[in-house]
Amino acid sequence: MYGKIKDHLQEELKNIKEAGLFKAERVIVSPQKADIQINTGQDVLNFCANNYLGLSNHPKLVAAAKEALDSHGYGMSSVRFICGTQDLHKTLEAKIAEFFGTEDTILYAACFDANGGVFEPLLGKDDAIISDSLNHASIIDGVRLCKAQRFRYKNADMEDLEAKLIEAKDCRFKIIVTDGVFSMDGNTAPMDKINELAKKYDAMVMVDECHSAGVVGKTGRGVTELFNIRGEVDIITGTLGKAFGGAIGGFTTGKKEIIEILRQRSRPYLFSNSIPPMVANAGIAMFDMMAETSELQDKLHANTEYFVEKMIAAGFDIKPTKSAICAVMLYDAKLSQVMASKLLEEGIYVIGFYFPVVPRGEARIRVQLSAGHEREHLDKCITAFTKVGKELGVLK
Ligand SMILES: *Cc1c(COP(=O)(O)O)cnc(C)c1O
């Protein structure tokens with residue numbers, strides 16, 4: 001009977017709303033891009049998408065998707081190992097490996113699945129997973145599904161990581177797991193130091209490149225390019241749902257034996273559908289574009305540099321960033337919400353974050369830059385921030 005739990009859920013929903021934590025959806029009626037229309041009729045500039053390279057509505061990707069609809073149909077109606085593998089999936093997997101300088105790749109429906117399905121097939125109770133405290137929810141869930149012993153080190157803290165490696169020294173296999181870029185601060189994991197510690201203590205390294213692939217490093221190859229350790233990381237997971245076109249799809253890429261075992265045993269791969277041909281073909285077109293030129297990375301890096309510099313000059317407190325994420329620190333939860341809604345009135349779409357998404361007392365507005373932004377978009381955003389910042393007493 002639904003009655004009892006219905007009352008309970010209504011109470012829960014009421015509590016969420018009263019705590020100011022209720023998540024409502026804003027409805028966009030245009031394609032995803034720098035300037036979007038929302039269903040209130042308002043035109044706004046989008047500074048909160050993961051559309052780092054501006055590819056979500058790129059004509060080449062749209063054309064590749066349409067082409068595949070005609071040549072390869074709409075859906076696969078199967079998991080990969082039964083009858084859900086087309087030439088497109090194999091080609092895309094090879095292109096991903098080429099992009100990251102790895103040996104082989106396995107596709108998933110999403111990176112949430114890649115992370116959910118990576119640990120359990122590889123590690124058991126005699127092994128250790130040593131995980132950064134700010135790692136993504138999907139890594140945390142993946143670790144929960146695995147019997148390995150768990151160790152957690154403070155965000156990007158190499159002393160603490162070393163202490164945990166020492167604690168785990170008697171385990172059979174050890175793996176250090178980290179996000180490449182942490183999504184709330186925009187900092188990168190110190191991959192060079194992680195790599196050194198991994199060598200010293202005989203551990204493997206896994207990095208989740210969701211916010212870094214396509215974005216960091218001179219040509220966007222991610223944190224292994226940025227830290228000059230290309231090909232040295234054992235496991236990379238990533239998404240096609242952010243910089244790489246933003247549709248859907250995840251992957252694990254790395255050492256070939258690891259990928260082979262995942263094809264045999266990774267549950268989200270074995271028991272969930274293949275990505276549709278149009279997504280695979282658009283992904284191929286996207287990686288072809290990346291192989292040709294890094295002009296989108298150049299533009300993104302220039303945009304980020306310009307924006308951060310101007311915001312600091314305007315007097316804002318900006319977290320040091322190594323990515324396309326710029327955290328404008330406000331420290332006050334309510335202020336972050338008021339400021340974000342006032343910015344929306346000014347035509348700037350950004351989100352304010354506060355506890356528990358970020359630590360208590362560290363509320364902020366997160367601005368995400370994109371190669372899809374033009375200089376005039378950035379200037380409008382900075383002007384609006386300055387105006388609202390003065391109104392709310394954030395700026396003197
Ligand atoms: C977005 C994100 C994911 C999930 O990716 P999806 O493909 O959307 O499931 C996983 N890890 C990190 C670090 C992310 O930022």
Side-chain angles (χ1 to χ4, degrees), residues 23 25 32 48-53 55-56 61 89 92-93 96 99-100 105-119 129 131-145 152 155-156 175-189 191 194 205-216 220 222-224 226 233 235-254 262 266-269 271-276 279-280 282-283 286-287 321-327 351 353 357-358 366-370:
K23 292 175 199 67
E25 292 173 349
Q32 183 66 282
C48 57
N50 302 311
N51 185 19
Y52 295 121
L53 297 176
L55 295 176
S56 302
L61 273 60
H89 298 93
L92 177 58
E93 286 176 337
I96 291 172
F99 182 86
F100 288 100
T105 305
I106 174 174
L107 287 171
Y108 289 86
C111 188
F112 209 104
D113 293 322
N115 286 334
V118 69
F119 300 107
I129 301 172
S131 182
D132 189 287
S133 63
L134 289 190
N135 277 345
H136 190 261
S138 54
I139 294 179
I140 295 169
D141 283 8
V143 172
R144 281 183 186 151
L145 293 171
R152 211 167 75 126
N155 177 233
I175 186 165
I176 304 168
V177 184
T178 182
D179 283 9
V181 161
F182 296 93
S183 66
M184 286 298 143
D185 290 0
N187 59 320
T188 51
M191 293 308 301
I194 289 175
V205 176
M206 167 176 149
V207 59
D208 176 338
E209 293 255 35
C210 279
H211 283 284
S212 45
V215 174
V216 312
V223 287
T224 63
L226 187 68
V233 164
I235 302 175
I236 292 173
T237 59
T239 183
L240 302 176
K242 290 185 172 118
F244 292 153
I248 191 87
F251 55 85
T252 301
T253 189
L262 294 178
S266 180
R267 293 163 69 85
Y269 178 82
F271 298 108
S272 190
N273 206 28
S274 295
I275 61 167
V279 171
M286 192 276 308
F287 282 107
T321 182
K322 287 275 179 53
S323 62
I325 291 164
C326 172
I351 303 285
F353 292 96
V357 179
V358 295
R366 179 176 71 174
V367 178
Q368 291 175 283
L369 285 312
S370 168

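Counting starts at 1 for both ligands and their atoms, in listed order.
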Centroid separation under 6.0 Å, is that true for the rings of Phe100 and Phe251? yes
Might you work through the side chain to side chain donor-acceptor pair (under 3.5 Å) test for Thr237 and Asn115, ending with a clear yes or no? CA-CA 7 Å; Thr237 59; Asn115 286 334; 2.9 Å; yes
If only atom types and distance count, is the side chain of Gln368 paired as donor or acceptor with the main-chain N or O of Asn51 below 3.5 Å? no
Measure the spacing between CG of Leu240 and CZ of Phe287 and express it to the nearest 0.5 Å. 6.0 Å
Hey, could you give me the OG1/CG distance between Thr188 and Leu226, rounded to the nearest 0.5 Å? 5.5 Å
Between ligand 1 and the protein, which N/O pairs are shorter than 3.5 Å?
unit_1, atom_1, unit_2, atom_2, d
ligand 1, 7 (O), Cys111, N, 2.8
ligand 1, 7 (O), Thr239, OG1, 2.7
ligand 1, 9 (O), Cys111, N, 3.3
ligand 1, 9 (O), Phe112, N, 2.9
ligand 1, 11 (N), His136, ND1, 3.3
ligand 1, 11 (N), Asp208, OD2, 2.6
ligand 1, 15 (O), His211, NE2, 3.1
ligand 1, 15 (O), Lys242, NZ, 2.6

Before giving the answer on side chain to side chain donor-acceptor pair (under 3.5 Å), spell out for Thr252 and Tyr269 the whole-Å C-alpha distance, their side-chain angles and the decisive distance to 0.1 Å. CA-CA 11 Å; Thr252 301; Tyr269 178 82; over 6 Å; no
